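This one's a predicted model, so the numbers in the text were calculated from it and none came from an experiment.
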Amino acid sequence: MSSLARVTLTVSGVLPAPVDCVWPLVRDFGNIAKWLRRVGSQRVDSELLPGQIASQVGSVRRVLFDLNYTVVEQLEALDDELYILKYKLISHPWNSSPFAGAFLNFVSTIQLKDVTMTNATYFEWHGEFDTDHQSADVMRSDIKRRFEAGFHGLAAAVAESSGAARGLLAPPPAERARVAAAASGNLASAPELSERGGGPPGGGPGGSPGEGPSLPKVLWNRTLRQLSSLPLAICELAVIAVLSSLGTIIEQGKPLEFYMQNYPDGARKVAGFVDWRLIQAAQLDHIYTAGYFLGLLGLLGASLAACTATRQWPAVRVARRWRFAQTPERVYSFGGMQNAVVLPNAEVRGLGRVLQQRGFQVFVRDGALYAFRGLGGKLGPIGVHAAMLAIMAGVAYGGLCGLKGSVMVPEGGDFLLSQVLTPKSALARLPSDSDAMLRVNAFDVKYREDGAVDQFLSDISVLGPRGDELLRKSISVNDPLRFRGVTAYQVDYSMAALTVHAAGSPLQPPDGSPFNLPMASLEGRPGIKGKLWATFVPAEAPAPGRPPRGASVVARDFQTVALYGSDGAFVGVRRPGSGKPIEVDGMSVVVDAIVGSTGLELKSDPGVPFVYAGFAGLMVTTLVSYLSHAQVWALQEGSALHASGRSNRAKIGFADEVEAAYQALPLSLPETEL
């Protein structure tokens, strides 16, 4: 089977009538035959299938042609604010007759735009479908012919409508005369169509009147349309979520030896396929700064920006527009029939006062009223996208321009910030105070009554270049030290040395003072589980060819140590600082103290303020997004008042509210200014 070609086409033009006059005809999904009356010599008829609701997303219509064939189409989207109608083809006879070849996946979108300078309507009908390569030109030509017939039919239907002239705000006299003349003339006066989706006359930058948009603009618009796709954004989020999960499971930023030990190759691979080579090759040891992760963040940011520019911001602009209804039909078309009412002996200004008391912004002109409330609900999604962009910008900024490092420092030790902080990329720069020094004054471990560790505490001072103390703080696991953009976290600990008295040992000073023995970590050795440190107290000077003799001291925590003789026999346990001696291999050993080391992780992340601000904005704008955007239209017709309204959320509550507003409206009010 040969591959299929994806065919796209767009027919556009300008209708000499306001958009609020054209849109009711287009949005009436079940009655397309009102304006698509003929295609060439073929007469067109249409109807909704039984049980379908007019102009409701999901409704299905049947379109019949004189050639005794029928197509069935389903409404996929209807936007009364952006004037967009989208539908797809469900069934058709074109796979067999009158055309040969495939005709699949047809979707079509009709969009209207208000040409405010001339009080006209820009009409665009876009279609996409798959077909055989050999049938592409034939099918494209036929669909284009149908779209053009629809444009001309719509122009005729608007011209014949008796409400076309009075259905909108009146344009200037000269323009009104021009529109009336064009609307009452024959179809030959309609502007030429553009197969490539040209805009209103003079619409393209640098273009002449009637010229379509330039190729760069067409490509730009198509790119924005693809980027703003919801399925694409969902896929981007899903991939980012999976990678973030891997970054949580796999330890980040560890040395190569760590991954070689914990993710061995050969038969001991984790889950049968994950080893240190795969982690290094796929950059899983630093996912959040990997190029593909930052690229995904950039792509998601582009999708959010495109959605905001092409969908949300235009929706806000439409919501801010004053749209008066000049006929009762327009009132019910704009607001719908659910909240529609005809109030006898009521005045439009009285309704305006009642709505003002309920928080609506009210506009009245020539007996017509338009009121709205909750514009923030339309701005909220834009704020959500802006907050998400701030979060992603902060993550990318911190990943590219941040610094980090880790160090193990014994009590009394110090180090320069510039010696520990390592840039994450070539874009990172050391902070201005990187010549400062951090000194560990003391390290302590707090234990619970059951002997479990409660908290690690490090008393740290920040010293300037001259040795003056700039800052001092006792930090713990959840309480770091922050100094001019650098944050020091308490993340680990170790044992640096053992302080002892050992009478009989060659290391014991003659004055009887204690001495320190370095302690080595045995963690990860065969047969060793968990943290374990050890040191050796010699009982005699080392001699060639003879094993050393002395006491082995082992510790798992800072509370007790265990001592073993030269033969490996257990001798006893002592608590550091107890002062109690223990005899081992002719020595009298007193354990005075264990000198601890604090494990610090240092970070300089310039993106943190953006991330915090983004999350704060996200919480606020998410709540704002739930505000209802409500609109009310009304028209005075003699002593009767036609009114209707709609809301994008809380529809039941809005219906109760407008009903209460109608009930509160006096039967008669003197005419006063609002």
Side-chain angles (χ1 to χ4, degrees), residues 11 15 17-40 42-94 103 105-113 121 123-129 142-143 145-164 167 325 327-340 633 644 646 648 651:
V11 166
L15 295 167
V19 67
D20 286 335
C21 183
V22 180
W23 177 241
L25 291 170
V26 175
R27 80 179 304 276
D28 191 357
F29 184 68
N31 291 311
I32 188 176
K34 283 185 177 180
W35 51 277
L36 181 58
R37 301 171 181 176
R38 306 189 72 85
V39 177
Q42 304 173 38
R43 187 174 59 85
V44 180
D45 198 4
S46 64
E47 63 179 359
L48 285 174
L49 296 187
Q52 302 295 308
I53 301 176
S55 299
Q56 177 176 311
V57 173
S59 59
V60 180
R61 72 185 177 194
R62 181 188 294 116
V63 183
L64 305 94
F65 295 85
D66 265 353
L67 291 179
N68 295 322
Y69 68 87
T70 301
V71 298
V72 179
E73 299 164 334
Q74 184 175 33
L75 183 63
E76 286 199 318
L78 185 68
D79 193 325
D80 288 318
E81 296 183 348
L82 298 181
Y83 305 116
I84 295 175
L85 182 145
K86 182 179 180 181
Y87 67 92
K88 67 178 179 181
L89 203 58
I90 296 179
S91 67
H92 56 83
W94 295 334
F103 182 76
N105 305 321
F106 178 86
V107 292
S108 182
T109 303
I110 300 176
Q111 182 172 12
L112 308 180
K113 295 182 180 179
T121 298
F123 172 91
E124 181 179 282
W125 198 344
H126 177 80
E128 298 182 11
F129 58 90
D142 184 75
I143 299 300
R145 182 170 59 91
R146 295 170 190 274
F147 283 6
E148 290 177 348
F151 173 81
H152 290 294
L154 186 59
V158 170
E160 293 171 3
S161 174
S162 60
T327 66
E329 291 79 8
R330 295 283 82 76
V331 172
Y332 306 137
S333 174
F334 290 164
M337 297 302 297
Q338 183 175 0
N339 301 310
W633 290 267
S644 184
R646 69 183 183 195
N648 63 340
K651 298 180 183 294

Chemist: Less than 4.5 Å apart, side chain to side chain, heavy atoms only: is that true for F334 and D20?
Modeler: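 Touching, per the 4.5 Å side-chain cut-off.
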
Chemist: Residues in salt bridge (Lys or Arg N to Asp or Glu O under 4.0 Å) with K88, at least two apart?
Modeler: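 K88 satisfies salt bridge (Lys or Arg N to Asp or Glu O under 4.0 Å) with E76 only.
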
Chemist: Stepwise, does the side-chain contact (heavy atoms from CB on, under 4.5 Å) test hold for F151 with L15?
Modeler: CA-CA 8 Å; F151 173 81; L15 295 167; 3.5 Å; yes

Chemist: For W125, which residues count as a ring pair (Phe, Tyr, Trp, His ring centres under 6.0 Å) partner, sequence neighbours excluded?
Modeler: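 Ring pair (Phe, Tyr, Trp, His ring centres under 6.0 Å) list for W125, sorted by chain: W35, F147.
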
Chemist: Drop me the distance from L36's CG to N31's CG, to the nearest 0.5 angstrom.
Modeler: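 It comes to 12.0 Å.
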
Chemist: Are the side chains of F106 and I143 in contact, using a 4.5 Å heavy-atom criterion?
Modeler: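 Contact flag for I143/F106 side chains = yes.
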
Chemist: Salt bridge (Lys or Arg N to Asp or Glu O under 4.0 Å) with K34: which residues, sequence neighbours excluded?
Modeler: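 For K34, the residues satisfying salt bridge (Lys or Arg N to Asp or Glu O under 4.0 Å) (neighbours in sequence not counted) are D28.
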
Chemist: Got a second to check how far I110's CD1 is from W23's CH2, nearest 0.5 Å?
Modeler: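 It is 8.0 Å, given to the nearest 0.5 Å.
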
Chemist: Can you see which heavy atom on F29 is nearest to which on L75, and at what distance?
Modeler: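 In this case the closest contact between F29 and L75 is CZ-N, 3.5 Å.
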
Chemist: Would you name the heavy atoms of Y332 and S644 that are closest together and state the gap between them?
Modeler: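 That closest heavy-atom pairing would be CD2-CB, 4.4 Å.
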
Chemist: Please give me the minimum heavy-atom distance between K86 and T109, naming the atom from each residue.
Modeler: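 Here K86 and T109 meet closest at CG-OG1, 3.6 Å.
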
Chemist: Enter the distance from H126:NE2 to Q111:CD here, rounded to the nearest 0.5 Å.
Modeler: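 Going from NE2 on H126 over to CD on Q111, the span is 11.0 Å.
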
Chemist: Which value, rounded to the nearest 0.5 Å, describes the distance between L154 atom CG and L112 atom CG?
Modeler: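 Between atom CG of L154 and atom CG of L112 there are 7.5 Å.
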
Chemist: Listed by chain and number, what are the side-chain hydrogen bond (donor to acceptor under 3.5 Å, both in side chains) partners of E81, not counting sequence neighbours?
Modeler: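 Here the qualifying residues are K378.
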
Chemist: With rounding to the nearest 0.5 angstrom, report the OG1 to CD distance, T70 to E47.
Modeler: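 Going from OG1 on T70 over to CD on E47, the span is 8.5 Å.
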
Chemist: Closest heavy-atom contact between L85 and V26?
Modeler: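 L85 and V26 have their closest heavy atoms at CD1-O, 3.4 Å.
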
Chemist: Is the shortest heavy-atom distance from the side chain of L48 to the side chain of R61 under 4.5 Å?
Modeler: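 Answer yes - side chains close enough.
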
Chemist: Identify, with sequence neighbours excluded, every residue that meets side-chain contact (heavy atoms from CB on, under 4.5 Å) alongside Q338.
Modeler: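 Q338 satisfies side-chain contact (heavy atoms from CB on, under 4.5 Å) with no other residue.
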
Chemist: Working to the nearest 0.5 Å, report the span between OG of S46 and CZ of R62.
Modeler: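 Interatomic distance, S46 OG to R62 CZ, rounded to 0.5 Å: 11.0 Å.
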
Chemist: Tell me whether T121 contacts the main-chain N or O of V19 through its side chain, where contact means a donor paired with an acceptor under 3.5 Å.
Modeler: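 Yes: the side chain of T121 pairs with the backbone of V19.
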
Chemist: Locate the shortest heavy-atom distance separating Y83 from D80; write the atom from each residue and the value.
Modeler: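 Nearest pair, atom of Y83 first, then D80: CE2-O, 3.6 Å.
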
Chemist: Which salt bridge (charged side-chain N to carboxylate O under 4.0 Å, His left out) pairs, counting each pair once, include a residue from residues 51-60, with sequence neighbours left out?
Modeler: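 As it turns out, there is no salt bridge (charged side-chain N to carboxylate O under 4.0 Å, His left out) pair with a partner in residues 51-60 once direct neighbours are skipped.
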
Chemist: What are the two closest heavy atoms between Q74 and V60, and how far apart are they?
Modeler: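 Minimum heavy-atom contact is CG-CG2, 4.0 Å.
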
